[in-house]
S.K.: 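First, the structure itself, so that you have it in front of you.
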Amino acid sequence: MKAARLYGVRDLRVEEVFDPTPGPGEALIQIHACGVCPSDLRAYLAPRAGSSGMSMPRTPGHEWAGVVVALGPPAASGIRDGAPPAIAVGQRVVADWRHVCGTCYQCRRGVFNYCENLQPGVRGGFAGYGIAPLTQLRVIPDNVSFEEASFSEPLACVIQAHGYTEINLGDDVVIVGAGPIGLLHLQIARNRGARVIVSDPIVARLEKARELGAHDAIDASAMDAVARVKELTEGRGANAVIVAVGGAQPIHQGLEMAAINGWVNAFAGTYPPAEMPVDPNLIHYRQIRFTGSHDFTPHHFTTALKLIQYGIVRVAPLISHRFSLDEVREAFETTANRSGLKSMVQIAS
């Protein structure tokens, strides 16, 4: 089969490799679609050989969906390894790459996104075939395409963040960044009953935000976004701010946008790491509740697929570019250049 193999900085090659073989309790899946994620991009632009999960060469990609074409032998024993019902050859599935142990300290307290024994199993999606434990698969509803299902992972991360950000009916909510992730946050916030303001320096992204329901859009390249948020909220600031882009500057900006008793969620990671000078009085005197969020839990993944199934969150409008597997490097470069929105790699037809 063909697979994309990452060898180093911007060194992504499509090569012929051996077809994978499913082990006990696993499925072999013919991959139909895989999205380019910001974490894939970080590995592409600055891979760190030897770090966790980063041995080289490797096949990137974790936002993938496809069709089960073979099953491995039954797992030896144990409830945790047992196959869930309804996974069979021929079914359309999407893979949840976070294979949590369910028994460590973090899992026992319900913080599955910080599982201390994260299991290997779901393998790189920019390839003709992938392997995944049966426990990590969700059957794709008939009305959901492979491309739409592949958004389950990023949407699950967004849902996780909203669990740490209080939004009440009628609240003013600002989304800083109108990339694919910001546009998912926009839709979740709107469905929670918020008046949503989106800020971004790219006009085309603001137009997409309006199309997806933003009540106000701020061109951050042409005006002071903090001042504009204050103007739009009668001087109060936002009840909640979700910073959907990494970096000290946008996070600091988000803190300045927040109202008294407001919430600020630093959703995106910052790479490379950076210092962020902040006057503690900004947080203290305005009682700002500053939170972070990371990854997702199995329930968030299941919920994400349900929101896509019922059209509560629209993901198809976020796809701006489609590439074949042979064009995967172009897909990565397109994403790196912030051209359009989501780059999707179509593998099987």
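Basis for what follows: all heavy atoms, side chains included, without hydrogens, waters or symmetry-related copies. What you see is a predicted model, and the numbers here were worked out from it, not measured in a lab. Residue numbers start at 1 and run along the sequence shown.
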S.K.: Can you establish whether the number of heavy atoms outside D142 located under 6.0 Å from its atom CG is more than 12?
M.R.: no
S.K.: Return yes if some donor-acceptor pair links the side-chain N/O of Q91 with the main-chain N/O of A88 below 3.5 Å, else return no.
M.R.: yes
S.K.: Other residues, nucleotides and ligands only: do more than 12 of their heavy atoms fall within 6.0 Å of CG on L282?
M.R.: yes
S.K.: Taking the side chain from T165 and the backbone from A161, do they hold a donor-acceptor pair closer than 3.5 Å?
M.R.: yes
S.K.: So, for I347 and G125, which heavy atoms are closest and what is the spacing to 0.1 Å?
M.R.: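 Scanning both residues completely, I find the closest heavy atoms to be CD1-O, 3.2 Å.
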S.K.: Does one side chain, of T302 or H299, offer a donor that lies under 3.5 Å from an acceptor on the other?
M.R.: no
S.K.: Does a side-chain heavy-atom distance below 4.5 Å link L118 with C101?
M.R.: no
S.K.: Is the shortest side-chain N to carboxylate O distance from D11 to R13 below 4.0 Å?
M.R.: yes
S.K.: For Q30 and H32, work out which heavy atoms get closest and say how close.
M.R.: O-CD2, 3.3 Å
S.K.: Could you check whether any side-chain N or O of R286 sits under 3.5 Å from a backbone N or O of E256, counting only pairs where one atom can act as donor and the other as acceptor?
M.R.: yes
S.K.: Is there a path of hydrophobic side-chain contacts, each under 4.5 Å between heavy atoms of I/L/V/M/F/W/Y residues, joining V245 to L206?
M.R.: no
S.K.: Quick check on K306: does its NZ atom have over 12 non-hydrogen neighbours (other residues, nucleotides or ligands) under 6.0 Å away?
M.R.: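 Result for NZ/K306: open.
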S.K.: Taking the side chain as everything from C-beta on, heavy atoms only, tell me whether R205 gets closer than 4.5 Å to L341.
M.R.: yes
S.K.: Does a salt bridge link R228 with D219, judged by any charged N lying under 4.0 Å from a carboxylate O?
M.R.: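 Result for this pair is no, no salt bridge flagged.
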S.K.: Taking the six-membered ring for Trp, is the centroid-to-centroid distance between H294 and Y114 below 6.0 Å?
M.R.: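 Yes; Y114 has its ring centre under 6.0 Å from that of H294.
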S.K.: Are M223 and V229 connected in a single hydrophobic cluster, I mean Ile/Leu/Val/Met/Phe/Trp/Tyr linked by side-chain heavy atoms less than 4.5 Å apart?
M.R.: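 Per the 4.5 Å side-chain linkage, V229 and M223 are co-clustered.
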S.K.: How far apart are the closest heavy atoms of A331 and S343, and which atoms are they?
M.R.: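 Looks like O-OG, 3.6 Å.
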S.K.: Would you call D171 and R195 a salt bridge, using N to O less than 4.0 angstrom?
M.R.: no
S.K.: Could you check whether K342 makes a cation-pi contact with F151, meaning its NZ or CZ is under 6.0 Å from the centre of the six-membered ring and within 45° of the ring axis?
M.R.: yes
S.K.: Would you say the side chain of N261 lies within less than 4.5 Å of the side chain of N239, judging by non-hydrogen atoms?
M.R.: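 With C-beta onward as the side chain, the pair stays apart.
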S.K.: Using modelled atom types only, decide if a donor and an acceptor are shared between the side chain of R92 and the backbone of V144 within a distance under 3.5 Å.
M.R.: yes
S.K.: Could you check whether any side-chain N or O of T270 sits under 3.5 Å from a backbone N or O of G246, counting only pairs where one atom can act as donor and the other as acceptor?
M.R.: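 Looks like no, no N/O pair under 3.5 Å.
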S.K.: Looking only at side chains, do R190 and H215 share a donor and an acceptor under 3.5 Å apart?
M.R.: yes
S.K.: Of all heavy-atom pairs between I87 and V139, which one has the smallest distance, and what is that distance?
M.R.: CD1-CG2, 3.9 Å
S.K.: Do you know the tightest heavy-atom contact between A259 and I288?
M.R.: O-CG1, 4.2 Å
S.K.: Taking all non-hydrogen atoms of both residues into account, name the closest pair between D295 and R98 and its distance.
M.R.: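 Minimum heavy-atom contact is OD2-NH1, 2.8 Å.
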S.K.: Could you please spell out the steps behind the salt bridge (Lys or Arg N to Asp or Glu O under 4.0 Å) verdict for R210 and D216?
M.R.: CA-CA 7 Å; R210 291 189 186 95; D216 294 281; over 6 Å; no
S.K.: Is there a donor-acceptor pair closer than 3.5 Å between any side-chain N or O of E211 and the backbone N or O of K208?
M.R.: no
S.K.: I140 and I131: same hydrophobic cluster, using ILVMFWY side-chain contacts below 4.5 Å?
M.R.: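 In one cluster with I140: I131, no.
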S.K.: Do V196 and V241 belong together in a cluster built from hydrophobic side chains that touch within less than 4.5 Å?
M.R.: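 Cluster IDs for V196 and V241 differ.
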S.K.: Given side chain to side chain contact (heavy atoms under 4.5 Å, CB included), test F290 with N265 step by step and report yes or no.
M.R.: CA-CA 6 Å; F290 184 35; N265 180 270; over 6 Å; no
S.K.: Between W97 and E153, is there a side-chain donor-acceptor contact under 3.5 Å, judged purely by atom types and distance?
M.R.: yes
S.K.: Taking side chain as C-beta onward, heavy atoms only, is E16 less than 4.5 Å from K2?
M.R.: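 SC-SC contact between E16 and K2 confirmed.
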S.K.: Give a yes-or-no answer on whether the side chains of Q119 and N117 include a donor-acceptor pair shorter than 3.5 Å.
M.R.: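 Not at all, the side chains of Q119 and N117 share no donor-acceptor pair under 3.5 Å.
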S.K.: Can you check whether V100 reaches F112 side chain to side chain, under 4.5 Å on heavy atoms?
M.R.: yes
S.K.: I'd like to know whether L318 forms a side chain to side chain contact (heavy atoms under 4.5 Å, CB included) with L212, so could you lay out the CA-CA distance, the side-chain angles of the two residues, the decisive distance to 0.1 Å, and finally the verdict.
M.R.: CA-CA 10 Å; L318 306 185; L212 291 171; 3.6 Å; yes
S.K.: Main chain of E148, side chain of S145: is a donor-acceptor contact present, judged purely on distance under 3.5 Å?
M.R.: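 Yes, S145 side chain to E148 backbone: donor-acceptor pair under 3.5 Å.
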S.K.: Test side chain to side chain contact (heavy atoms under 4.5 Å, CB included) on I188 and V313 and set out the steps.
M.R.: CA-CA 7 Å; I188 294 291; V313 174; 3.7 Å; yes
S.K.: Would you please say whether a donor-acceptor pair under 3.5 Å links the side chains of N113 and T297?
M.R.: no
S.K.: Determine whether a donor-acceptor pair (N or O, by modelled atom type, separation under 3.5 Å) exists between the side chain of Q136 and the backbone of D96.
M.R.: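 Yes, Q136 side chain to D96 backbone: donor-acceptor pair under 3.5 Å.
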S.K.: Decide yes or no on side chain to side chain contact (heavy atoms under 4.5 Å, CB included) for H321 and M344, but give the supporting numbers first.
M.R.: CA-CA 6 Å; H321 294 79; M344 187 68 61; over 6 Å; no
S.K.: F126 and ring-ring contact (aromatic ring centres under 6.0 Å, His included): which partner among W64, Y44, F332, F323?
M.R.: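 Running ring-ring contact (aromatic ring centres under 6.0 Å, His included) over W64, Y44, F332, F323 with F126 returns exactly one hit, F332.
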S.K.: Look up atom OG in S339 and atom CD in E333, then write down how far apart they are to the nearest 0.5 Å.
M.R.: 11.5 Å
S.K.: So, do V158 and H300 sit near enough that their side-chain heavy atoms are less than 4.5 Å apart?
M.R.: no
S.K.: Using the rule that Ile, Leu, Val, Met, Phe, Trp and Tyr join whenever any side-chain heavy atoms are under 4.5 Å apart, tell me whether V36 and L6 fall into a single cluster.
M.R.: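 Yes; L6 is reachable from V36 via cluster members.
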